[in-house]
Amino acid sequence: MPPWAASVVAAALLLVGASACGPAPGPIVGPEPPPLPPPTSAPASAPTRRGEITRAELNAFLDRGMPAFIHDVVVDRYPRRRAARFRGWRIVEFFPGDARFAGAGIQPGDVVVRVNGRPIERPDQFVQLWSAMRRAAELTVELERAGTPRQLRWRIVD
């Protein structure tokens with residue numbers, strides 16, 4: 001994957017929580033939407049995927065701001081829950097029609113659980129994560145694909 005794609009993926013993952021949260025500061029409660037079927041053309045991949053992002057690329061993407069990013073990431077209206085506890089946000093669309101993200105490792109149906117070890121259930125958690133990314137040494141995304149835990153990890157290099 002080209003380095004610029006990883007930086008865009010990094011920012012996209014950070015915005016997953018913000019694009020789904022409504023104006024209320026607390027968690028959104030609602031019915032669990034039906035699961036998406038797993039993609040039929042998904043290549044087999046290891047549970048952990050690694051790469052690098054340059055700090056300049058990441059900061060340039062973060063400088064565009066959250067609204068520019070939220071436009072291209074669509075998640076379910078309600079978070080996924082397990083035993084009434086927050087589990088994550090299910091991706092519905094991830095930069096649709098943009099070939100730069102085809103190899104990013106995020107697919108419709110994936111449930112993003114945590115980013116850099118932080119939950120992204122509420123808007124304030126997302127904003128804190130967004131701000132912390134400028135100082136982070138790594139971007140780690142924990143997700144589930146068809147119920148199987150996976151991890152995407154990028155080292156942020158200066």
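If you're wondering where the values come from, they're calculated on a predicted model, not measured in any experiment.
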Could you state the interatomic distance from [atom1] ([X]) to [atom2] ([Y]), rounded to the nearest 0.5 Å?
X    : Y    : atom1 : atom2 : answer
M133 : F61  : CE    : CZ    : 12.0 Å
R134 : L58  : CZ    : CG    : 7.5 Å
E121 : R114 : CD    : CZ    : 11.0 Å
R155 : T54  : CZ    : OG1   : 11.5 Å
I120 : L129 : CD1   : CG    : 7.5 Å
R145 : D110 : CZ    : CG    : 4.0 Å

For a quick test of reading the model, state the closest non-hydrogen atom pair linking [X] to [Y] and the distance between them.
X    : Y    : value
W89  : Y78  : CZ3-C, 3.7 Å
G109 : R90  : O-CG, 3.8 Å
W130 : L62  : CZ2-O, 3.3 Å
F86  : V113 : CE2-O, 4.0 Å

Exercise for the section: Test R87 against E144 for salt bridge (Lys or Arg N to Asp or Glu O under 4.0 Å), laying out the working first. Expected result: CA-CA 10 Å; R87 182 171 132 222; E144 291 180 6; 2.9 Å; yes

Exercise for the section: Check whether L152 and V157 end up in the same hydrophobic cluster, where Ile, Leu, Val, Met, Phe, Trp and Tyr are linked by side-chain heavy atoms less than 4.5 Å apart. Expected result: no

Check: [Y] and [X] side chains under 4.5 Å, non-hydrogen atoms:
X    : Y    : answer
V111 : L143 : no
I156 : W154 : no
E138 : R153 : yes

